[in-house]
Structures are given as structure tokens and as C-alpha cells.
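Worksheet: the structure to be examined is printed underneath.
Atoms within a ligand are numbered from 1 in the order they appear, just like the ligands themselves. Computed from a predicted structure; not experimentally measured.
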Amino acid sequence: MTQHLAAAPAAPTTGTHTGWWRDAVIYQVYPRSFADGNGDGMGDLEGIRSRLPYLRDLGVDAVWLSPFYASPQADAGYDVADYRAIDPMFGTLLDADALIREAHALDLRVIVDLVPNHSSDRHEWFQRALKEGPGSPLRERYHFRPGKGESGELPPNDWESIFGGPAWTRTADGEWYLHLFAPEQPDFNWEHPAVRDEFRSILRFWLDMGVDGFRVDVAHGLVKAEGLPDIGSHDQLKLLGNDVMPFFDQDGVHEIYRSWNQVLTEYSPSLRPGVPPRDRILVAEAWTPTVERTANYVRPDEMHQAFNFQYLGTHWDAAELRTVIDASLAAMRPVGAPTTWVLSNHDVTRHATRFANPPGLGTQLRTPGDRALGLRRARAASLLMLALPGSAYVYQGEELGLPDVTDLPDEVRQDPSFFRATGQDGYRDGCRVPIPWTETGPSYGFGAGGSWLPQPTTWGPLSVESQTGDPHSTLELYRSALTIRRTHPDLGAGESLTWLPSPDGVLAFTRHPGFTCTANTTGAPVSLPAPGRLLLASTEVTVAGGMVTLPADTTAWWAV
Ligand code: GLC
């Protein structure tokens, strides 16, 4: 049996689409866990600076840094107390300045995380609003409300926090405030002009620092439905991602991104002579029910990219993957934005562990599963992702094939969601464990001291040092893939692919005439005509007499 042969719709003219980001490979650095420069067990900017050459040699185009701003760390830095300051545990603004300059000198772009949906409860605005009490105009920058019930003892509506429990917390003076995440993360009121002005100013601050873009946290959450209406369901977490909620994916958010787009345009080279031509970008973290709604965020006058979470949630299954790939390409085509691809990030179980477990368990796992199977599939999935048209995101450590740490003792966990029953995100610490750089040493070269989350004792052989130079290692697989991606004329540019006939469970497609990718997602070897000259494969493949045997869970790249 062969899969139905259907060519993807004709590619739009690619000539009109330019911009470094359209096919960029963007590497996510989670600053707490990447590299520790001062030996205190916590990653920092100095550590990142020292490892920039590693990222250049890996072959990525840009680095996205999760938040490093001044923060009490109630949600690992996604609770920002001062958007224009670096948390002392990560360094100083001078370190940030040096990091940006050094990255640029190595031809790496820098994208920073912007957290506009909520601040920390320690933010000056929130502290002053609390102090001034009910009726203060400062309270209008957040969502303060009187409670329901006879003495206001009930929350103003039935919304639940993404981390579990009610989305409202009562203050000492009796009013309640809204927080879609932890109580330490009060939501801004984006109807207030001061909030809008402040964030445009924050954008300018970081653009002046030289950053190349912003990953916008909870981009779908800023605007809430008028009147903050009840949802009326007892199972809100199930609705999330499947429906437009009164607090997520409201159409009003798009006006905000149009105004941000204008700020970025002010920094375009034509308006600022002397500034080297570098486009700056906005990347949406927008969890929406469909790829079509995700596409709304990247219309030509809004953001530039949006994470493709539908792809991240897809199982290692040819038919499912093909459906999502086609839907993703089709959704982005009308708005002219590149498709993006992502398999792992700091919020989900690493894909080496997801694919080690039976499908359908979600993205927060606590079981290691079949590690060898997970790694084999992860390598194949990564090679498939890097062959697709558009931009790809790599989460630190996936290039080492790291599994999630599924057995962290409860007492070391820090994810706020873990401590709030029913929170959907409770097991995120497992993908945040500091990564191993050297075979031995107290924290496998993460730093001179320990590490803020314990690393498994088995991580020495997974370190950068151990994998470097080993042609069978996952690190060398990524290095080779990224080199080919940079140098092969048909892999980088372009926005479409053409499916080729292939056996069930196998994906085969060409990118322009000169490149073909084949991926066997089944548990058994498959023979097919060799599409060309083998460039790279995620496990060893045999080619003989014009035929190739693709082992189980294997992706291969071919020059045609
Ligand atoms: C985003 C971040 C996540 C954080 C949440 C609240 O989803 O990726 O880590 O907890 O927003 O800011």
C-alpha cells in the first residue's frame, strides 16, 4: 500500500519574502540551566557568554533567551518585577550588553522573552496599587474587583488559573485580583493606556540594547472579554486550547501587536541611517484552538512567527504528522508568514521522553518509558523537523538527546504548578535540569559548583564533551544536519514541499528538486527506492542496488 500521492499546493512566490528569520534555526536558552559562570549552581549571563562559540559551531542562527529580568522567581522568571533590569542571580545590564554584542560578533541573533500578560506581584505598580487600596486609579492597571457573595467572600467570576485553583486572590482589604497563572503573577489590564505605553517603551529599551526580537509570552492572553464573563464550566482546563476562552485568544489582542509592529518598524534601517540592516521580529507564544487562529497573530502587520504547538503535540506517526504539516503550511500561506516547527521547550516533557512513552499521554510525563526507543525516535523526529520549510526551534539539550528527568524528588521541585493541585503544567522541572557539558565534574561542567536541580548520575556520557567527535552521537547528528541546512541550496529557502509516494507509515517529500527527506515512523524496517545520494540519516541505513532499507524510526536526507 502506498500513501495517496498528492502534491502540496503550488508554492507562493518566494522571491518577495525575505528576512533572516524565515528559515532560521532558533536555539532556546533557559538561562537558569544552560551554563553557570560564577559557580553558585544557577545558570547566568556570564555562563551563556562563555558558551556562545558552542552555539555558533552548532550552526544555529539565533538564540532565544527565556527571562533573565529582575524577578522573585515565583515562576522561574516569568514573574517580572522590573522589565528593564537583570536579576542579580543572572548578572547585570552590562553582562546583557556584552552578551548581545558578542553574539552578534559570532553572527548569532538574540531574541529576548517579553512577559506582557502579567507582572510579578513585587512589581512597583502592583505594590503601589495594593498600598493605595480600593478606588485607587493605580488598581486599574490590573484587574481588581470586589468579590461576589454577601460579604464579597467569593471570587468575581469562575475562571481558573492555568496552574490550578481559582484565578483570583483576595487582598487584605477585601478586593480580589486576577491572575491567570500563579497568585504572584497578577494580570495587567490591557485596556489601560498606561500599560500599552509602558510596553512600547520596554520594547524600545531592549531594541536600543540591540536585540533582534522578542518571544512574546502568553501572547494570546492580554485582552480579556468585556465584563470578565463566567465560563460556566467545571472543567476549564480541558477547554483550554480547544476553544476561544474569555481570557484567551480574544480578537482584541491583535491591535496590540499591530502597534508593536510599528515600534519595530521604527528601528528599520531605512529610518535609522548607520544602523546595520537587521530585521527585528516578534514571536508569538499563542496557544489557540487551531492553526488558522494561530495564523492571525502573524498577519503582515503583526508578528513574524508563532510557535506551532499543534506540531509539538503530534505523535510520532506518519499520517498524523503529514496532516499537521499540511495544515500548518496551508494556514500560514494566506498571511505570508513562515511556518515554524518545535518539538521541545521549557514547558513540556522533552520529546525524547514523550516518544519513549505510549502516545496520548500529553506533554507532562513522569515515566521514563523505553529510553532507547525514545532517543531513536527523537533523532528521527529532529531530522524530519529540520527538513521542513520554515523556521525551527531547538530547546537546549535536545541536541544531546537528553531525556526528561522524570524522577525528581518532590522536595527539589520548583514549578509553581506542581504545588497547586489540578494544575496542567505540574511537571516542568524535568525538562529544566541543567545540561551536561563535560563527562565528569560536580555538575558535568554546568558550573564550578552544583546545580539548582539535581542532574541524573547517568548524564556524563550525554555531555557535550563525550558526544563531540563521535559520529554516532546526537550532537554530531545535529551539527551535520545544521551544516547541511545552511549549505544545501534547496533546504533553506522556500515555503512548500511536495509529497512523494511512500509506504504506509513513511513520509517522503522533496524540497525543490534537489533535496528529499524520507522518514519511517513505524517499528519495522521499510524498503523503498533510494531517492538519491544519502546525505545524512538518524540511524544507519543500507543502500544497495538502488534500494534503501530504512530501519524502524529513522529519517534520512537525500541529495537528488
Ligand atoms: C508561558 C511560559 C511559562 C510560564 C507561563 C506564565 O507559557 O512559557 O513557562 O509559566 O507563560 O508566564
At under 4.0 Å between heavy atoms, what of His220 touches ligand 1? The answer is neither
Atoms of ligand 1 under 4.0 Å from any heavy atom of His346, numbered from 1 in the order shown, are 2 (C), 3 (C), 8 (O), 9 (O)
>> Please determine whether any non-hydrogen atom of Arg432 lies less than 4.0 Å from an atom of ligand 1.
In response: yes
| Below 4.0 Å from any atom of ligand 1, is there a heavy atom belonging to His179? | no
Shortest non-hydrogen pair, Ala96 vs Met209, comes out as CB-CE, 4.0 Å
Check Arg350 with Glu398, please: is the shortest side-chain N to carboxylate O separation under 4.0 Å? no
In short, Leu365 meets Arg354 closest at the heavy-atom pair CD1-CA, 3.9 Å
closest protein heavy atom to atom 2 (C) of ligand 1 is Asp217 OD1, 3.0 Å
One finds that the ligand 1 atoms under 4.0 Å from a non-hydrogen atom of His118 are 6 (C), 12 (O)
Atom 4 (C) of ligand 1: closest protein heavy atom, distance to 0.1 Å, is Asp75 OD2, 3.3 Å
Near Arg428 (heavy-atom distance under 4.0 Å), the atoms of ligand 1 are 3 (C), 4 (C), 9 (O), 10 (O)
Quiz item: Do any N/O atoms on Asp347 end up under 3.5 angstrom from N/O atoms on ligand 1?
Solution: yes
Charged N to carboxylate O under 4.0 angstrom, Glu198 versus Arg84? yes
Quiz prompt | Ring center gap for Trp206 and Tyr69 short of 6.0 angstrom | solution = yes
Checking side-chain polar atoms at under 3.5 Å, does Ser71 have a donor or acceptor matched by the opposite partner on Asp87? no
Quick note on ligand 1: atoms under 4.0 Å from a heavy atom of Phe163 include exactly 10 (O)
**OP:** Assess Arg280 against Tyr267: is NZ or CZ under 6.0 Å from the centre of the six-membered ring, and within 45 degrees of the ring's axis?
**Re:** no
Nearest heavy-atom contact between Pro186 and Ser120 is CD-C, 3.8 Å
the protein heavy atom lying closest to atom 7 (O) of ligand 1 turns out to be Glu285 OE2, 2.7 Å
